[in-house]
Number of protein chains: 2
Amino acid sequence: MRDVAARLGVSAMTVSRAIRGDSGIAEPTRQRVLAEVAALGYRPNDLARRLRSGLAHGLVGLVVTSLANPFYSQLSVGVEQVATERGAGLLVASANGDADRERELVEDMSARRIAGLIVVPAGNDHRHLDPRQLEGAPVVLAATPPRDIDVDCVLVDDFGGTYAACRRLIERGHRRIGFLGLPASLWTGSERYRGYAAALEDAGLPVDDRYVSRHRGDIELAEAATRHLIGLAEPPTALITANNRNTIGALRTMQHSPTPVALAGFDDIELADLLQLPLSVVAYDAAEVGREAARLLFDRIEETTTPQTAARPARTQRVVIPTRLVDYPRVPAP
Amino acid sequence: MRDVAARLGVSAMTVSRAIRGDSGIAEPTRQRVLAEVAALGYRPNDLARRLRSGLAHGLVGLVVTSLANPFYSQLSVGVEQVATERGAGLLVASANGDADRERELVEDMSARRIAGLIVVPAGNDHRHLDPRQLEGAPVVLAATPPRDIDVDCVLVDDFGGTYAACRRLIERGHRRIGFLGLPASLWTGSERYRGYAAALEDAGLPVDDRYVSRHRGDIELAEAATRHLIGLAEPPTALITANNRNTIGALRTMQHSPTPVALAGFDDIELADLLQLPLSVVAYDAAEVGREAARLLFDRIEETTTPQTAARPARTQRVVIPTRLVDYPRVPAP
DNA sequence: CTGTTAGCGCCTTCAC
DNA sequence: GTGAAGGCGCTAACAG
């Protein structure tokens, strides 16, 4: 910048103004400056710029469990779309389900003075996600409502979706329905379980603990759990799987099983339409979860930046993304 | 920081030293400072820190086509693992196959003074990826070798993988084999096509242009192309698909087709083991592509940081990730 | 319209 | 072992 200014015999301030498109600068001057900038290949240092202007704007963080899970990669696609629209960069990190790791990541990001943070929390305790701990950067939770902190969130209709899926199985005549699920410590785990249990109860069916397996959502564990369930003396005739990893694990296991077990799962599965098996899934727009979370986040960021127009209370928001039940195969087999 | 210093009646310098674990500070002093830091919840501002110390360290960029494609999300998982190990943050962005967009993203990232950049280029022209244009930040290309610039890259064995896949179809007696591929302007597109064509030629078979469709790798286009190919007067009896999007498109289309067409595709497909169709895939570790790219990148970053130990020429590296041919169903049907 | 002064928050360098 | 000065690159705030 100094070089540019020196060469043109102007001050650094003039260069600064020209670059930013500030008003209060003569058009010819701006042209000269911009030409020289181009000639020298000078690019302003965003770090220094933000340091001075105070704004940490320009970088938002996203902490998920793992990008290897399509739910999270779709989510991040949505977040990225909105971030890009707003001219912000996206810092992503995977906590791999580890709450301690999550805390480290979040602290690291806040040290980097990100403008805001979207988190899919790995645990029950959200105190480390309090914006007051994070240099005031707004926080939005995805897939889980805040606990003991006051922030916006975007949820999926976990209860309703699972309820509908379980109901569908009941309508088809199933009476012994198992649940292959996530840990109760996870919001999604407990809500989806609740939907399952409620559907059974509303149908006058018992919730049989033998048919319920709650574990981390990973394919291997789901396979083992499925093997166990279908090996029972009186096995379930149908299973509800609590997320895409569980659905895949169940599908894999049942492929080698002689006894057919009906399946309904949370999360849509790519290629589900090509499986020859009947399968119902609770589908929803995961990218929209991300987009919505990002929108809420940027609204808050602007709110913080803007000089508090009036005394708007700005209550905490909670957006719920709807689900729909999809039956595969799409065209019912005869 | 000033607050902490003031409260303790020490200088900011002492606080700085305590935080960084600098030597030259008395242990009791450090303890007092750290206690006060914790009490006030003070967190150092990374931006300011880096601004002064010059180090752009701590943030690397990744530009891919789309995180919605499992190849790229796996790749980013690998990059993220290594970045995290090295204590760096990861800035991701999708160019969606648009070369202009890619250039914008890259420029934006370099304005943010990232320490290095990994790119899966969207086009043929790589001049905008020259480190000299990017404040000297090292660049590593993934999936595509550099063209007109001198940077490291990590490749997949596109030619060998496709060659093997095509050979497999030939071994199974196919003589009319189609190719459902990516644009020739993409490295992966042309290499995979080359592998296909070479396998045919080596088997004394003609490359019939009617059976070749080259288009952007997206599911809808692949479906249309497949419909076209199997609708030909003398349709191919087998298809090679150039990436996972094409494979899925072909699978979808062929599900509704009476004429069976054998399929072999580049990229493994989750759930391929559950499809009832025979399918061969060129599998490889996409996360390893990312890890390897990140390793190369951090090596270069250190090289830049380190005061040039000896006159190591540091030649440009090119790493190739191997592929293996996997036949589904794993246990061949009778 | 342009320049000067000062300082964002931290760290390097050199005194003490 | 600690502190004071100065500056990283840039831009508010005020001058002219």
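These numbers come from a predicted model, not from an experiment.
Although no hydrogens or angles enter the test, the distance criterion places a donor-acceptor pair under 3.5 Å between the side chain of B:D152 and the main chain of B:Q317.
Dashed line: the shortest gap from a side-chain N or O of B:T29 to OP1 or OP2 of D:dT2 is under 4.0 Å.
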Letter by letter from the 5' end, nucleotides 3-12 of chain D scores (B base, S sugar-phosphate only, - none; protein heavy atoms under 4.0 Å) BB-BBBBBBB
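Checked by atom type, the side-chain pair B:S110/B:E135 shows no donor-acceptor distance below 3.5 Å.
Taking 4.5 Å as the limit, every side-chain heavy atom of B:R291 sits out of range of all side-chain heavy atoms of B:V79.
Electrostatic pairing of B:R32 and B:E27 does not count as a salt bridge here, judged by no charged N lying under 4.0 Å from a carboxylate O. In summary, A:R112 and A:D108 engage in a salt bridge, as defined by a charged side-chain N under 4.0 Å from a carboxylate O.
Between the CD1 atom of B:I25 and the P atom of C:dT12 there is a distance of 14 Å, rounded to whole Å.
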